[in-house]
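Have a look at the structure below, then the notes.
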Amino acid sequence: MIFRIKEKFWAWGDDFSITDASGDSRYYVDGKAFSWGDKLSFQDTRGNELAFISQKLLSWKPTYQILIEGRVFAEVKKEWTWFKKQFTLDVPGPNDYTIIGSFWSHEFTFERSGRTVATVSKKRWSWTDCYGVEIVDGEDEVAVLCACIVIDQVLHDESNRND
């Protein structure tokens with residue numbers, strides 16, 4: 001399945017729209033405007049919350065929790081490496097996702113159990129401020145899309161610190 005993620009510029013907080021390859025609305029992310037740390041509600045097209053993304057403020061490295069029905073379902077962490085940025089999507093069980101690639105250019109992959117299960121690319125959408133996410137059938141699209149939103153938030157926060 002192919003999705004397109006686009007950040008809404010004229011909104012209170014960090015809001016994103018997510019459409020499918022046909023341009024049909026699939027999900028919406030509503031960022032809370034005035035909160036300590038990033039807090040985002042991942043919703044279906046009817047406004048039902050499917051997941052909640054919350055930044056952990058007191059951690060050594062950027063860490064976000066993905067909550068489903070009020071319980072921690074997964075964590076997204078920025079890993080410390082010497083040469084490249086790397087993220088981990090830690091889900092229940094032994095099959096975590098490793099996320100590697102060129103994050104600033106939005107060209108990266110999700111790998112799980114030694115195989116690529118999702119790719120993120122801005123090249124396809126280079127004329128707009130959005131990027132595409134292609135997810136292999138059978139993978140948890142909400143978890144992968146939430147991780148993409150987290151990476152976007154981490155990069156945005158790093159960019160603001162460097163300005």
Side-chain angles (χ1 to χ4, degrees), residues 1-9 11-20 24-81 85-101 103 106 108-113 115-120 130-161:
M1 177 67 93
I2 297 176
F3 297 94
R4 183 182 73 149
I5 299 177
K6 181 174 176 71
E7 184 170 11
K8 299 207 176 252
F9 283 110
W12 292 99
D14 295 311
D15 296 349
F16 299 84
S17 63
I18 302 174
T19 58
D20 61 20
D24 296 326
S25 183
R26 292 291 303 269
Y27 302 108
Y28 182 75
V29 180
D30 182 19
K32 306 300 177 201
F34 303 105
S35 66
W36 292 98
D38 295 324
K39 298 192 181 325
L40 304 111
S41 176
F42 190 96
Q43 304 169 356
D44 65 14
T45 56
R46 294 183 188 144
N48 299 312
E49 186 172 271
L50 303 175
F52 188 79
I53 303 167
S54 180
Q55 181 180 12
K56 287 179 75 173
L57 294 176
L58 300 173
S59 59
W60 289 104
K61 48 191 170 184
T63 302
Y64 288 71
Q65 293 181 325
I66 300 171
L67 296 102
I68 295 179
E69 296 179 0
R71 294 189 187 129
V72 175
F73 168 74
E75 280 192 342
V76 181
K77 297 177 189 170
K78 180 180 176 197
E79 302 296 341
W80 297 110
T81 61
K85 287 183 183 169
Q86 178 175 317
F87 290 83
T88 300
L89 173 56
D90 183 4
V91 296
N95 292 322
D96 295 339
Y97 297 83
T98 301
I99 310 162
I100 55 174
F103 296 100
H106 281 85
F108 51 93
T109 60
F110 285 71
E111 296 179 2
R112 188 176 200 185
S113 300
R115 65 184 191 98
T116 299
V117 297
T119 57
V120 176
C130 58
Y131 52 96
V133 181
E134 186 170 358
I135 303 171
V136 171
D137 289 338
E139 291 298 323
D140 187 337
E141 64 188 43
V142 171
V144 170
L145 293 170
C146 283
C148 289
I149 298 298
V150 166
I151 291 168
D152 205 88
Q153 294 298 107
V154 169
L155 296 176
H156 179 75
D157 291 349
E158 286 179 353
S159 175
N160 285 343
R161 276 196 303 270

Whether Asp15 side chain and Gly31 backbone form a donor-acceptor pair below 3.5 Å
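A pair under 3.5 Å: yes.
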Look at the side chain of Asp96 and the backbone N and O of Val91, then say whether any donor-acceptor pair between them is shorter than 3.5 Å.
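Side chain of Asp96 to backbone of Val91: a pair is present.
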Is the gap between the ring centers of Phe42 and Phe52 under 6.0 Å?
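Aromatic pair excluded; centres sit 6.0 Å or further apart.
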Ring-ring centroid check Phe87 Phe108, cutoff 6.0 Å
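Distance test on ring centres: not under 6.0 Å, no.
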One pair to check against side-chain contact (heavy atoms from CB on, under 4.5 Å): Lys78 and Tyr64. What are the steps and the verdict?
CA-CA 9 Å; Lys78 180 180 176 197; Tyr64 288 71; over 6 Å; no
Test item: Lys6 and Tyr131 side chains (from C-beta on) under 4.5 Å apart, heavy atoms:
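In short, these two side chains do not touch, never coming nearer than 4.5 Å.
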I'd like to check Asp152 versus Val150 (side-chain heavy atoms, cut-off strictly below 4.5 Å). Are they in contact?
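Not in contact.
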Out of the candidates Val144, Ile135, Thr19, only one should pair with Phe3 under the side-chain contact (heavy atoms from CB on, under 4.5 Å) rule; please name it.
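Of the listed residues Val144, Ile135, Thr19, the side-chain contact (heavy atoms from CB on, under 4.5 Å) partner of Phe3 is Ile135.
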With Thr119, which of Val133, Val136, Ile2, Thr109 fulfils side-chain contact (heavy atoms from CB on, under 4.5 Å)?
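Only one option passes, and that is Thr109.
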Nearest-0.5 Å distance that lies between atom [atom1] in [X] and atom [atom2] in [Y]:
X      : Y      : atom1 : atom2 : value
Glu111 : Gln86  : CD    : CD    : 9.0 Å
Asp30  : Lys39  : CG    : NZ    : 13.5 Å
Thr88  : Ile100 : OG1   : CD1   : 10.5 Å
Leu50  : Ile66  : CG    : CD1   : 12.0 Å
Cys146 : Ile68  : SG    : CD1   : 7.0 Å
Tyr28  : Gln43  : OH    : CD    : 7.5 Å

With sequence neighbours excluded, what pairs up with Glu75 under the salt bridge (charged side-chain N to carboxylate O under 4.0 Å, His left out) test?
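Glu75: salt bridge (charged side-chain N to carboxylate O under 4.0 Å, His left out) contacts with Lys56, Lys77.
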Taking everything shown except Asn95 itself, do over 12 heavy atoms lie less than 6.0 Å from its CG?
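Yes, enclosed.
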Test Ser54 against Gln65 for side-chain hydrogen bond (donor to acceptor under 3.5 Å, both in side chains), laying out the working first.
CA-CA 5 Å; Ser54 180; Gln65 293 181 325; 5.5 Å; no
Going through the distances and angles, do Cys148 and Val120 end up as a side-chain contact (heavy atoms from CB on, under 4.5 Å)?
CA-CA 8 Å; Cys148 289; Val120 176; 3.7 Å; yes
Worked check of salt bridge (charged side-chain N to carboxylate O under 4.0 Å, His left out) between Arg4 and Glu134
CA-CA 9 Å; Arg4 183 182 73 149; Glu134 186 170 358; over 6 Å; no
Nearest heavy atoms of Leu89 and Ala143, plus distance in Å
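Shortest heavy-atom contact: CD2-O, 3.8 Å.
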Chi angles and distances behind the side-chain contact (heavy atoms from CB on, under 4.5 Å) call for Ile151, Ile99:
CA-CA 10 Å; Ile151 291 168; Ile99 310 162; 3.8 Å; yes
Would you sort out whether Ile5 and Leu145 count as a side-chain contact (heavy atoms from CB on, under 4.5 Å), showing the intermediate values?
CA-CA 9 Å; Ile5 299 177; Leu145 293 170; 4.0 Å; yes
Please tell me whether Ser41 and Glu49 have a donor and an acceptor in their side chains that are separated by less than 3.5 angstrom.
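Side-chain D/A pair, Ser41 to Glu49: present.
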Using only heavy-atom distances, determine whether the side chains of Asp44 and Tyr27 contain a donor-acceptor pair under 3.5 Å.
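Note: Asp44 and Tyr27 side chains miss the donor-acceptor criterion.
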